[in-house]
Amino acid sequence: MKEPQAVQNLLKPLESKLATPSQTYTTQTGEFGQTSRESGPTEAEQQTRVLVNMLFARFKAIYTHKFASAYSNPDEVKLAKREWAIALKGFQEPLLAYAVERTKEVYAWPPTISEFLKLISTAYKAYGLADPRSAYLEACSCRSDPLSYKWSHPAVFFAGSQAGWYKLKSEEERVSWPLFEQSYLKVVDRVIAGERLVIPKVIMIEDKLTLGVPDLTSKIAKELSIEEAEVAALLYYTQKTYGTGVRQRYREISQKKLENMGYKEKLPE
C-alpha cells in the first residue's frame, strides 16, 4: 500500500540530515494557510521551522506507527508543527537534541509540548546551567551587588549584565523578564558552543587591599565632604560588564567629574 504523503515528507529530513520546510510542513503564523508577512519568515523563524521539521522526523523514526497514529493527516501535522514552533522558539539544536534522546528513555508515545519542555529543562542541567526562569529569579535576587555573589553559573551573571542590572532593579517583571530571557538564551548558546565564561573579580586598589564599591563610595564621600549618594551615582560604571567599552566610557566620565571636585586618585578599572 502506498505510504501517505505526510509520512513520506517526514522521512525526507532523516534522509538528507537537513529538514527544509515543505508545503505540508511549513509552520505558519496568523491566519491558517497564510503567512504573517508578505516578505516571508525571519531567519530565526526559518531556523525554528527547520528544527521542528527535524524534531518531527526524529519522533517519526523513534515512535514509528505510534507517531503516525498521533498525527494521522497533513492538517493535523501542520497545526501541531505551528504550536511546536511557537513553544520552541529560541531553543537551539543541542538542547533539543538532548531532550529528544531523553524522550526515548521516558516516553513510550510521542511527548506533548509540555512534556518535551520539561525534558529541555533537564538539558540545561546537563550543561550545568539553570533554566531561564530560575536564572532570572537568581539574577533578580542578587542584582544589588552582582560581582560579590557566588553565581550558580557565570551565564546568569553575564545575562544579567547584558539585560542591565539597573533594569532588573527598577523595571517591572513584564519588562525585565523578556529582556533577561533573551540575553540568557544568547549566553547559553555561547556556553553550548564551548565558550568558557569568567566573571571579573573585584578590582584591587590602594596598597593591594580589596576595596568594594560601598567602601570606595564612603571613602570618596568623606575625602570630598559630599553625600555618598552623589558618589554612588558616579560609580555606576562598576555595574557594567568588566572590560567593555561602555564601562570604560562611564568610568572616564566619572573620573573627570571627581577630579574637578578635587579627587586625585584613579578609579578602579
Side-chain angles (χ1 to χ4, degrees), residues 90-92 121 124-125 127-193 195-206 209-222 224 226-258 261 263 265-269:
F91 292 114
Q92 298 302 308
S121 294
Y124 282 106
K125 295 178 182 178
Y127 286 95
L129 295 159
D131 63 88
R133 187 63 185 176
S134 297
Y136 170 73
L137 295 176
E138 180 182 0
C140 288
S141 65
C142 309
R143 58 199 172 190
S144 296
D145 193 6
L147 283 175
S148 66
Y149 180 72
K150 187 175 181 180
W151 298 95
S152 62
H153 192 284
V156 184
F157 169 83
F158 281 94
S161 297
Q162 290 180 16
W165 296 114
Y166 180 75
K167 289 184 179 179
L168 292 179
K169 294 177 188 177
S170 60
E171 296 287 359
E172 297 179 1
E173 182 176 320
R174 63 182 178 83
V175 175
S176 61
W177 160 238
L179 287 173
F180 179 86
E181 183 183 30
Q182 184 180 33
S183 298
Y184 187 69
L185 292 177
K186 291 179 180 179
V187 176
V188 166
D189 290 346
R190 292 162 56 189
V191 173
I192 292 175
E195 182 176 345
R196 182 172 177 268
L197 304 177
V198 179
I199 297 175
K201 296 180 179 180
V202 176
I203 304 301
M204 309 290 284
I205 62 175
E206 285 200 359
L209 294 177
T210 301
L211 194 60
V213 173
D215 293 331
L216 180 60
T217 301
S218 178
K219 174 183 177 298
I220 295 175
K222 289 179 180 179
L224 298 179
I226 59 177
E227 295 293 329
E228 289 190 10
E230 187 175 354
V231 178
L234 293 174
L235 296 183
Y236 170 70
Y237 77 91
T238 60
Q239 301 299 311
K240 299 297 182 181
T241 303
Y242 180 75
T244 61
V246 173
R247 180 184 175 112
Q248 184 62 27
R249 286 195 297 274
Y250 275 108
R251 176 188 170 277
E252 291 173 355
I253 293 171
S254 297
Q255 181 74 56
K256 186 174 182 180
K257 288 182 178 180
L258 286 173
M261 294 179 188
Y263 188 66
E265 300 177 34
K266 294 294 184 181
L267 292 174
E269 293 290 336

dist Asp131:CG -> Ser121:OG (nearest 0.5 Å) comes out at 5.0 Å

Okay, side chain of Ser141, backbone of Glu138: is any donor-acceptor separation there less than 3.5 Å?
yes

In plain terms, say whether Arg133 and Glu173 are close enough for a salt bridge, that is, a side-chain N and a carboxylate O under 4.0 Å apart.
yes

Quick one about Tyr136 and Ser176 (side-chain donor to acceptor, distance below 3.5 Å, no hydrogens or angles considered), yes or no?
yes

Interatomic distance, Leu224 atom CG to Leu258 atom CG [nearest 0.5 angstrom]:
6.5 Å

Any non-hydrogen side-chain atom of Gln162 less than 4.5 Å from a side-chain atom of Val187?
yes

Please examine the side chains of Tyr237 and Pro268, heavy atoms only from C-beta on, and report whether any two atoms are closer than 4.5 Å.
yes

State, with a plain yes or no, whether a side-chain heavy atom of Val191 is found less than 4.5 Å away from one of His153.
yes

Could you check whether atom NZ of Lys256 has more than 12 heavy atoms from other residues, nucleotides or ligands sitting under 6.0 Å from it?
no

Does Leu216 reach the side chain of Val231, with side-chain heavy atoms less than 4.5 Å apart?
no

Partner set under side-chain hydrogen bond (donor to acceptor under 3.5 Å, both in side chains) for Glu252, not counting sequence neighbours:
Gln248

Validation row: Phe157, Leu147 side chains within 4.5 angstrom (heavy atoms)
yes

Find out whether Phe158 and Ile199 are in side-chain contact, i.e. whether some heavy atom of one side chain is under 4.5 Å from a heavy atom of the other.
yes

Ser254 side chain near Leu235 side chain, heavy-atom distance below 4.5 Å
no

Within 6.0 angstrom of Tyr149 OH, more than 12 heavy atoms from elsewhere:
yes

Could you tell me whether the side chain of Ile220 reaches within less than 4.5 Å of the side chain of Leu267, counting heavy atoms only?
yes

Look at Glu228 together with Lys219 and state whether they make a salt bridge at an N to O cut-off of under 4.0 Å.
no

Just wondering, are more than 12 heavy atoms of other shown residues or ligands nearer than 6.0 Å to OH in Tyr166?
no

Verify, without hydrogens or angle tests, whether Trp151 (side chain) and Pro146 (backbone) share a donor-acceptor contact under 3.5 angstrom.
yes

Gln255 (side chain) donor-acceptor with Glu265 (main chain) under 3.5 angstrom:
yes

Parallel, tilted or perpendicular: which one describes the rings of Tyr184 and Phe180, with boundaries at 30° and 60°?
parallel

